[in-house]
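What follows is one structure encoded as structure tokens, with my remarks underneath.
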Protein chains: 2
Amino acid sequence: MDETVRWLTPEEQHAWRSFIRLHDRLWGLLSRRLQAESHVSSADFAVLVELSEAPDGRRRFLELARVLEWEKSRMSHHIARMVKRGLVVRDECPDDGRGAFVVITDAGREMIEAAAPRHVEAVRELFLDHVTPAELRTLARISERVVEKLDAEEAP
Amino acid sequence: MDETVRWLTPEEQHAWRSFIRLHDRLWGLLSRRLQAESHVSSADFAVLVELSEAPDGRRRFLELARVLEWEKSRMSHHIARMVKRGLVVRDECPDDGRGAFVVITDAGREMIEAAAPRHVEAVRELFLDHVTPAELRTLARISERVVEKLDAEEAP
DNA sequence: CGGAAAGTGTAGACACGTCAACGAACCGGC
DNA sequence: GCCGGTTCGTTGACGTGTCTACACTTTCCG
């Protein structure tokens, strides 16, 4: 084993753990609120937002997966569950025999329109209200830069 | 419906989405590396770190849950899986007939000792190396402050 | 034209987390 | 002592995410 491991300094360890902790707590609370108040999961919410903003409320399957950065398998399973609950329907694609559209239903629109304002309010109350504009810019800058590096990491 | 929803500004929306995206990508990549290189999940890793640092490699069940901020049910399910794979064992508590200890096994120690250096290296390579010390301090400060608010939110 | 390769989506097995209900042991006051 | 409330931990049902393998198209190219 390589004995020259560069372990994290206490500051690094603290920052890293705090960051993970922040996300877990925040996302957990937001998800539970969304579920309790609006009866949709965060994943449902993401799909419905994407569809409701699309022309005719419809999107190709893998296009949706690409936008949300989900694996196609996850998308397939999740759409199956959403179909079962009546939030979306599948529609065959005339141009491509393999493909399919996912289309938001009226029930889906009602869900998202009821959930969105509450969700936005929660994001403000639980997060944005406690962060200064300068801090938010720093956070965004860090996030963009690191994600860019990760993209480069995964590409090859 | 309340028409006076304070929707997110483009800057806020961008920062929020970037933050979530950062966590998802980073955590996803780290988890997959941990699994592929060391055959442990992030959750296994967290448990093993905690146990390996404890005296005699043992901890009371709910104490572990409290430290990791996991629900007791999650802990119970997860420990059951780890027992099945031989990473930990359960041990009855003589003082308290209800209670139990979770104890790390030799195999568990080997796992964590092999996984830790790689994991630390990955955290550096994928995250810390791309963030300045000042940015890291800002991130830690934000995280602490918001988590504190969330604690206050959940307590009552 | 025809066959290989790549694209689109599905399906099953499994790991994981949450929720709610439960059983068993402890604890405090009467 | 014992009864009610609390704590400790388990369990089963269910929704979710990943991985692998698969089936069916389309497309590319000789």
N/O donor-acceptor pairs under 3.5 Å from side chains in residues 46-55 of chain B, not counting sequence neighbours:
unit_1: Glu50(B); atom_1: OE2; unit_2: Arg59(B); atom_2: NH2; d: 3.0
unit_1: Ser52(B); atom_1: OG; unit_2: Leu48(B); atom_2: O; d: 3.1
unit_1: Ser52(B); atom_1: OG; unit_2: Val49(B); atom_2: O; d: 3.0

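- Side-chain atoms of His119(B) never come within 3.5 Å of backbone atoms of Ser31(B) as a donor-acceptor pair (strictly under, hydrogens ignored).
- Phosphate proximity of dG9(C) to Arg90(A): absent, as no side-chain N or O sits under 4.0 Å from OP1 or OP2.
- Computed from coordinates, the Glu63(A) CD to dG7(C) P distance equals 16 Å when rounded to whole Å.
- Contact check of residues 78-87 of chain A against DNA chain C (heavy atom, cut-off under 4.0 Å) returns no residues at all.
- Distance CE (Met75(A)) to P (dG7(C)): 18 Å, rounded to an integer number of Å.
- Summarising the geometry, atom CD1 belonging to Ile142(B) is positioned 8.5 Å from atom CZ belonging to Phe19(B); distances are rounded to the nearest 0.5 Å.
- Between the P atom of dT27(D) and the CG atom of Asp95(A) lies a distance of 10 Å, rounded to the nearest Å.
- What separates NE2 of His39(A) from C1' of dC19(C) is a distance of 15 Å, to the nearest Å.
- Legend: residues meeting salt bridge (charged side-chain N to carboxylate O under 4.0 Å, His left out) with Arg74(A), ordered by chain and number and at least two apart, are absent.
- Clustering of Ile, Leu, Val, Met, Phe, Trp and Tyr side chains at separations under 4.5 Å places Phe101(B) together with Val89(B), Val103(B).
- In this structure Glu148(A) satisfies the side chain to side chain donor-acceptor pair (under 3.5 Å) test with no other residue, sequence neighbours excluded.
- Between the CZ atom of Phe61(A) and the P atom of dT8(C) there is a distance of 12 Å, rounded to whole Å.
- Taking the nucleotide of DNA chain C with the nearest heavy atom to each of Phe101(A) and Ala43(B), the more 5' of the two is matched to Phe101(A).
- Counting all heavy atoms, side chain and backbone alike, Arg60(B) lies closest to Cys93(B) at NH1-SG, 3.3 Å.
- Ring-plane geometry between His23(B) and Trp27(B) is classed as parallel, the angle between the planes falling under 30 degrees on a 0 to 90 degree scale with a further cut at 60.
- Residues that satisfy the side chain to side chain donor-acceptor pair (under 3.5 Å) test with Arg32(B), not counting sequence neighbours, are absent from this structure.
- Taking all atoms of both residues into account, the shortest heavy-atom contact from Phe61(A) to Ser76(A) is CZ-CA, 3.3 Å.
- Met75(B) has its side chain within reach of Leu68(B): a pair of non-hydrogen atoms, C-beta onward, lies under 4.5 Å apart.
- Summarising the geometry, the separation between CH2 on Trp27(B) and C1' on dC16(C) is reported as 14 Å, rounded to the nearest angstrom.
- Of the side-chain N and O atoms in Ser76(A), none sit less than 4.0 angstrom from OP1 or OP2 of dG9(C).
- Scanning atom types as modelled, one donor and one acceptor separated by under 3.5 angstrom connect the side chain of His77(A) and the base of dT18(D).
- Contacts with DNA chain C (heavy atom under 4.0 Å) in residues 29-37 of chain A: Arg32(A), listed by number.
- Every residue two or more places apart in sequence or in another chain that forms a side chain to side chain donor-acceptor pair (under 3.5 Å) with Arg98(B) is listed here: Asp96(B).
- Among residue pairs with one or both ends in residues 76-91 of chain B, those qualifying as salt bridge (Lys or Arg N to Asp or Glu O under 4.0 Å) are Asp44(B)-Arg85(B), Arg58(B)-Asp91(B); sequence neighbours excluded.
- For the pair Arg74(A) and dC19(D), the criterion of a side-chain N or O lying under 4.0 Å from OP1 or OP2 is not met.
- Listed by chain and number, the residues in a side chain to side chain donor-acceptor pair (under 3.5 Å) with His77(B) amount to none (sequence neighbours excluded).
- Helix bend of the helix from dC1(C)-dG30(D) to dC30(C)-dG1(D): the angle between its two end axes, each built from five pairs, comes to 10° after rounding to 10°.
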**Report entry** B/S/- contact track for nucleotides 20-25 of chain C, protein heavy atom under 4.0 Å
**Finding:** B---BB

